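Remember, it's a predicted structure, so these values are computed and weren't measured experimentally.
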Amino acid sequence: MPSSKNYVRDYSMRGEGKYDKSSKRMEDNRKRKKARYKLEQAGIAKRGDGKDVDHRNGNPRDNSGGNLRVIGRAANRSIKRNKSAGKA
């Protein structure tokens with residue numbers, strides 16, 4: 001707790017949420033960007049279209065054609081996810 005006397009701030013690269021810079025999270029982010037680029041090159045997605053590239057099985061490292069689709073941001077972000085299966 002920051003207000004305690006013995007608190008030491010953790011400046012490591014591991015964290016929670018968007019500030020987590022662990023190697024796994026960085027690799028997943030690279031794969032997500034690669035998936036977006038792949039669909040843009042195929043003409044399925046357009047830059048600035050306001051949509052997300054969704055991985056059907058929840059695995060961002062699986063960029064096979066059958067696993068990718070373009071859906072609206074609200075729809076993609078409302079999909080319930082869990083740690084064991086990727087998507088519920």
Side-chain angles (χ1 to χ4, degrees):
M1 176 174 272
S3 61
S4 77
K5 194 187 248 186
N6 298 325
Y7 176 75
V8 177
R9 189 163 181 180
D10 179 17
Y11 288 101
S12 69
M13 296 300 275
R14 295 196 55 83
E16 292 293 325
K18 66 181 182 179
Y19 300 111
D20 182 8
K21 302 292 185 199
S22 66
S23 59
K24 180 187 181 305
R25 185 166 173 111
M26 299 291 278
E27 180 65 22
D28 288 349
N29 194 31
R30 278 191 291 275
K31 292 295 184 172
R32 284 186 196 98
K33 289 178 181 180
K34 193 176 265 191
R36 176 79 188 188
Y37 179 76
K38 180 179 179 179
L39 292 184
E40 284 178 2
Q41 294 301 311
I44 298 169
K46 293 183 181 168
R47 190 169 190 178
D49 61 2
K51 299 190 180 215
D52 284 348
V53 174
D54 177 45
H55 291 82
R56 293 176 199 252
N57 67 0
N59 181 4
R61 295 181 184 211
D62 181 8
N63 287 337
S64 60
N67 189 38
L68 301 176
R69 64 181 172 182
V70 177
I71 60 175
R73 284 185 180 161
N76 188 36
R77 294 168 190 191
S78 69
I79 296 171
K80 295 187 180 188
R81 292 161 168 73
N82 62 26
K83 290 185 179 183
S84 63
K87 292 190 180 182

*What distance do Met26 atom CE and Asn29 atom CG have between them, rounded to the nearest 0.5 Å?*
7.0 Å

*asked:* Asp28 vs Arg61, test: side chain to side chain contact (heavy atoms under 4.5 Å, CB included). Steps then yes/no.
replied: CA-CA 6 Å; Asp28 288 349; Arg61 295 181 184 211; 2.7 Å; yes

*Knowing that exactly one of Asn63, Asn67, Asp62 qualifies, which makes a side chain to side chain donor-acceptor pair (under 3.5 Å) with His55?*
Asn63

*Write out all pairs satisfying salt bridge (charged side-chain N to carboxylate O under 4.0 Å, His left out) with one or both partners inside residues 37-48, taking only residues at least two apart or from two chains.*
Arg36-Glu40

*Same cluster or not: are Val53 and Ile44 linked, directly or through other Ile, Leu, Val, Met, Phe, Trp or Tyr residues, by side-chain heavy atoms under 4.5 angstrom apart?*
yes

_OG-CG distance between Ser64 and Asn57, expressed to the nearest 0.5 angstrom_ = 7.0 Å

*Apply side chain to side chain donor-acceptor pair (under 3.5 Å) to Arg30 and list each qualifying residue two or more places apart in sequence or on a separate chain.*
Glu27

*Check whether any side-chain heavy atom of Gln41 sits under 4.5 Å from a side-chain heavy atom of Tyr37, and report yes or no.*
yes

_Are the side chains of Asp52 and Val70 in contact, using a 4.5 Å heavy-atom criterion?_
no

*asked:* Between Asp54 (side chain only) and Leu68 (backbone N and O only), is there a donor and an acceptor less than 3.5 Å apart?
replied: no

